[in-house]
Amino acid sequence: MVRCASIATSPNRWSLQGMSALVTGGTRGIGRAVVEELVGLGAKVHTCSRNSTELEKCLRDLNHSGFRVSGSVSDVSDRAQRESLMETVSSLFNGKLNIMVNNVGTNIRKPMVDFTSEEFSSLVSTNFESVFHLCQLAYPMLRASEDGCVVSVSSVSGFVSLKNMSVQSATKGAINQLTRNLACEWAKDNIRVNAVAPWYIKTSMVEQVLSNKEYLEEVYSVTPLGRLGEPKEVSSAVAFLCLPASSYITGQILCVDGGMSINGFSPRHD
Ligand SMILES: NC(=O)c1ccc[n+]([C@@H]2O[C@H](COP(=O)([O-])OP(=O)(O)OC[C@H]3O[C@@H](n4cnc5c(N)ncnc54)[C@H](OP(=O)(O)O)[C@@H]3O)[C@@H](O)[C@H]2O)c1
């Protein structure tokens with residue numbers, strides 16, 4: 001079957017006007033920047049997080065700026081809460097979802113032999129099982145939209161080894177391969193599936209580890225652009241992968257990393 005690429009020639013290639021979107025973990029950091037980016041491009045956005053006070057404040061701030069964003073208190077590491085979140089999304093958007101951004105993720109840094117089974121389960125359910133199950137739940141809505149896309153927030157840790165991050169890396173590697181498989185499985189439904197893979201981005205999640213000056217210098221030294229990334233530098237990549245302008249891109253993991261993942265041997269003494 002040959003499908004016509006009408007989207008590629010549409011005058012709205014750089015707009016998300018009329019599209020519906022779910023962004024998980026949108027109250028802070030990268031998720032917050034993604035919410036702002038997508039509403040700015042015209043999408044109707046629903047988000048979620050666990051802390052109700054922070055969520056309400058975030059929604060107030062966004063809606064005060066003229067955006068229309070809704071939200072649910074939901075822990076995506078919990079199966080029942082994922083089901084309830086997607087029921088809300090379905091009723092909000094009349095059973096049709098154009099964009100799902102799987103942003104929630106966390107980290108536990110320690111040697112793999114020191115992981116307890118509880119820590120392992122918690123990291124896997126937050127980072128990977130949530131993405132797998134939310135994709136399953138979203139599939140009928142993405143298909144019904146006839147123009148669906150999924151973007152997951154992975155990490156450079158899914159490509160290269162980072163100290164004390166074996167389990168987190170495994171979850172991100174799993175997201176990367178799920179992305180490639182779903183891109184092929186769901187292409188027939190006109191659902192594109194991509195991911196972005198950031199290196200260090202200035203958010204609350206990495207504040208503590210980066211407060212160590214020596215460590216920060218090490219980070220700069222392996223990053224060709226020589227600095228940390230901003231949440232907005234990730235959200236623009238996510239938005240691109242959601243826009244009709246990227247209609248022929250699927251199954252890709254786009255590194256947003258200042259060149260860290262392609263940096264080979266770069267001695268500090270030139
Ligand atoms: N920052 C980096 O350097 C970096 C690098 C590579 C990859 N990443 C990836 O980027 C993504 C976002 O990270 P970030 O740095 O922006 O994190 P962040 O600053 O900690 O923000 C995380 C957001 O997700 C929400 N959240 C966390 N756990 C949740 C859960 N179980 N259920 C629902 N909401 C939850 C948080 O709100 P509540 O706490 O209120 O729930 C918050 O809104 C993650 O997947 C992370 O692995 C980040």
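Order of listing sets the numbers, starting from 1, for every ligand and every atom in it.
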Residue pair M141 / V89, side-chain heavy-atom distance below 4.5 Å: yes

Ligand 1 contact on N107 by region, counting heavy-atom pairs under 4.0 Å: neither

Criterion side chain to side chain contact (heavy atoms under 4.5 Å, CB included) against S74, the qualifying member of Q81, M86, E83: Q81

Atom 23 (C) of ligand 1: nearest protein contact (heavy atom, Å): G25 O, 3.4 Å

E119 backbone acceptor or donor facing T116 side chain under 3.5 Å: yes

Identity and distance of the protein heavy atom lying nearest atom 22 (C) of ligand 1: R28 NH2, 4.1 Å

Protein heavy atom at shortest distance from atom 46 (C) of ligand 1: M205 CE, 3.5 Å

Check: residues 218-226 side-chain donor-acceptor pairs under 3.5 Å, at least two apart:
unit_1 : atom_1 : unit_2 : atom_2 : d
S221   : OG     : E218   : O      : 2.7
T223   : OG1    : W199   : NE1    : 2.7
T223   : OG1    : V219   : O      : 2.6

Enumerated ligand 1 atoms positioned under 4.0 Å from heavy atoms of D75: 30 (C), 31 (N), 32 (N)

Side-chain donor or acceptor of S152 paired with backbone N/O of T179 under 3.5 Å: no

Min N/O separation K172 to ligand 1 under 3.5 Å: yes

K202/E207 salt bridge by N-O under 4.0 Å criterion: no

Per-atom contacts, ligand 1 versus Y200 - under 4.0 Å to a heavy atom: 3 (O)

Min side-chain heavy-atom separation S77-S130 under 4.5 Å: no

Ligand 1 atoms in contact with S155 (distance to a heavy atom under 4.0 Å): 6 (C), 7 (C)

Sub-4.5 Å side-chain heavy-atom contact between N103 and V34: no

Pairs involving residues 159-191, ordered by first then second residue, that meet ring pair (Phe, Tyr, Trp, His ring centres under 6.0 Å) (sequence neighbours left out): Y139-W186

N51: numbered ligand 1 atoms lying under 4.0 Å from its heavy atoms: 40 (O)

Atom indices of ligand 1, in the order listed, that fall short of 4.0 Å to a heavy atom of G105: 44 (C), 45 (O)

N or O pair under 3.5 Å between I201 and ligand 1: yes

Distance-only donor-acceptor check, side chains Q177 and N181, under 3.5 Å: yes

Atom 44 (C) of ligand 1: the protein heavy-atom neighbour that sits closest, reported with distance to 0.1 Å: N103 O, 3.2 Å

Proximity of V153 to ligand 1 by residue part, where a heavy atom lies under 4.0 Å: both

Numbering as shown, the atoms of ligand 1 that approach S74 to under 4.0 Å (heavy-atom distance): 32 (N), 33 (C)

4.0 Å heavy-atom contact, S154 with ligand 1: yes

Atom 26 (N) of ligand 1 - nearest protein heavy atom and its distance: V104 CG2, 3.9 Å

Ligand 1 N/O within reach of V76 N/O, cut-off under 3.5 Å: yes

T24 near ligand 1 by a heavy-atom separation under 4.0 Å: no

Nearest neighbour of atom 18 (P) of ligand 1 from the list S130, S204, G29, on a heavy-atom basis: S204

T88 side chain to H46 side chain, donor-acceptor N/O pair below 3.5 angstrom: no

Separation of L134 CG from R82 CZ (nearest 0.5 Å): 6.0 Å

Pair R32 + E36, salt bridge at N-O below 4.0 Å: yes

For I30, atoms of ligand 1 separated by under 4.0 Å from a heavy atom: 10 (O), 16 (O), 48 (C)

Atom 6 (C) of ligand 1: the protein heavy-atom neighbour that sits closest, reported with distance to 0.1 Å: P198 O, 3.3 Å

